[in-house]
Amino acid sequence: MRKRYGVMAAVVLLLIFGGLFYQRLKGEETEHKKSIRIGVTLYRGDDSFINTIRSNMEEQAKEYEKKTGIKVVMEVVDAKGNQNAQNSQVDRFISLGYDAICVNMVDRSMASNIISKAMDADLPVVFFNREPVEEDMRRWEKLYYVGENAKESAVLQGNILVEAYRKDPASLDLNGDGKVSYVLLEGENSHQDSLIRTEWSIQTLKDGAVPLEKITGGIANWDRSQASAWMEQWLKEYPDQIEVVICNNDDMALGAADALERSGIKRPVKIVGIDGTPQGLEGLRSGKIFGTVQCDNREYASVIFKIAAAGSLGQDVKKEVTLYQDKYYECSQKAVRAE
Ligand code: BGC
């Protein structure tokens, strides 16, 4: 009997010391990792907003190197709107033994393939801007998403116009017919932000008692030249009616402004966007755009980077970044007006 107790005690001690030793080893491994490798794939490298995030991430990587002495290899690739190409890029990151990947999905409903491969390779994934469906996000604890709250962006955008109307109804109702006549430019219809931004922007105007009349609208896929083509057509069809142009992002707002400028129409049509990209803010300064909603894109990029770096080092990501449901982060936003 005594012998049996002796063996049991020895096993318990072995487990305790073994565990401590393993933890120390792991700790040392984390402490001593002198470099991390992060792969980033973008749905389109020519998207203005995504480019702003990309350059901010590159800056973050440099700052992190300076601060921690840990070398960061960050490879950024462009999927050029092709989901198959993006899947191959992820395969390559995995075969090169990268420590974490950041994925801006081409098709946000197709994340499950990438997730399965990352799980097999034990590779943390930070999705951003194009949100995988919840069912996919729930598959593993090392999946994260960084983005913006689309309803918040839209309410801020709507309120820019509500405030302008309250101050001076004639600033929006240019022909004084008692209605604010608007056209709408929307992003890709498969993007989680498009539908919600449109819905809540209009709802905010209604809640703010702005008398609205929709003239028409179109999908311009976030793109400046597609938006410009729509607007050119509408200005021909409704040359005296358009008073407000509501756009799901800044690039489309700039496209609408391009067409307005080309048309030679001098009425002070009010154009609003979302993003606060450098180009959008420049449009605001030069009076092309009336207002936008700026997400803090330094914060946005820094959170993506922090999660990827902590994940690469096997650290507890939740200690580095405040996440909700342990995987989501929403970037802060504010309204910016021309004045
Ligand atoms: C941004 C757009 C961008 C799109 C790309 C949106 O959240 O507002 O400017 O083109 O994401 O996915």
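In listed order, ligands and their atoms are each counted from 1. Since this is a predicted model, take the numbers as computed values, not measurements.
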Legend entry - Sidechain N-carboxylate O distance under 4.0 Å for K62, E59: no

Inset, instruction - Considering only NZ, NE, NH1 and NH2 on the basic side and carboxylate oxygens on the acidic side, decide whether E75 and R92 come within less than 4.0 Å. - result: yes

Legend entry - Row check, F290 ring normal vs R337 NZ/CZ: under 6.0 Å, within 45°: no

Inset, instruction - Using a strict 4.0 Å threshold on nitrogen-to-oxygen distance, state whether D296 and R298 make a salt bridge. - result: no

Legend entry - Same cluster (ILVMFWY, side-chain, under 4.5 Å), I50 and Y329: yes

Inset, instruction - Return the orientation label for the F93 and Y98 ring planes: parallel under 30°, perpendicular over 60°, tilted otherwise. - result: tilted

Please give the N or O to N or O pairs under 3.5 Å between ligand 1 and the protein, distances rounded to 0.1 Å.
from     : atom 1 : to   : atom 2 : distance (Å)
ligand 1 : 7 (O)  : N129 : ND2    : 3.2
ligand 1 : 7 (O)  : D193 : OD2    : 2.8
ligand 1 : 7 (O)  : R197 : NH2    : 3.2
ligand 1 : 8 (O)  : R197 : NH1    : 2.8
ligand 1 : 8 (O)  : R197 : NH2    : 3.4
ligand 1 : 8 (O)  : D275 : OD1    : 2.6
ligand 1 : 8 (O)  : D275 : OD2    : 3.4
ligand 1 : 9 (O)  : N249 : ND2    : 2.8
ligand 1 : 9 (O)  : D275 : OD2    : 2.6
ligand 1 : 10 (O) : D47  : OD1    : 3.3
ligand 1 : 10 (O) : D47  : OD2    : 2.5
ligand 1 : 11 (O) : N129 : ND2    : 2.8
ligand 1 : 11 (O) : H191 : NE2    : 3.4
ligand 1 : 12 (O) : N129 : OD1    : 2.6
ligand 1 : 12 (O) : R130 : NH1    : 2.8
ligand 1 : 12 (O) : H191 : NE2    : 3.0

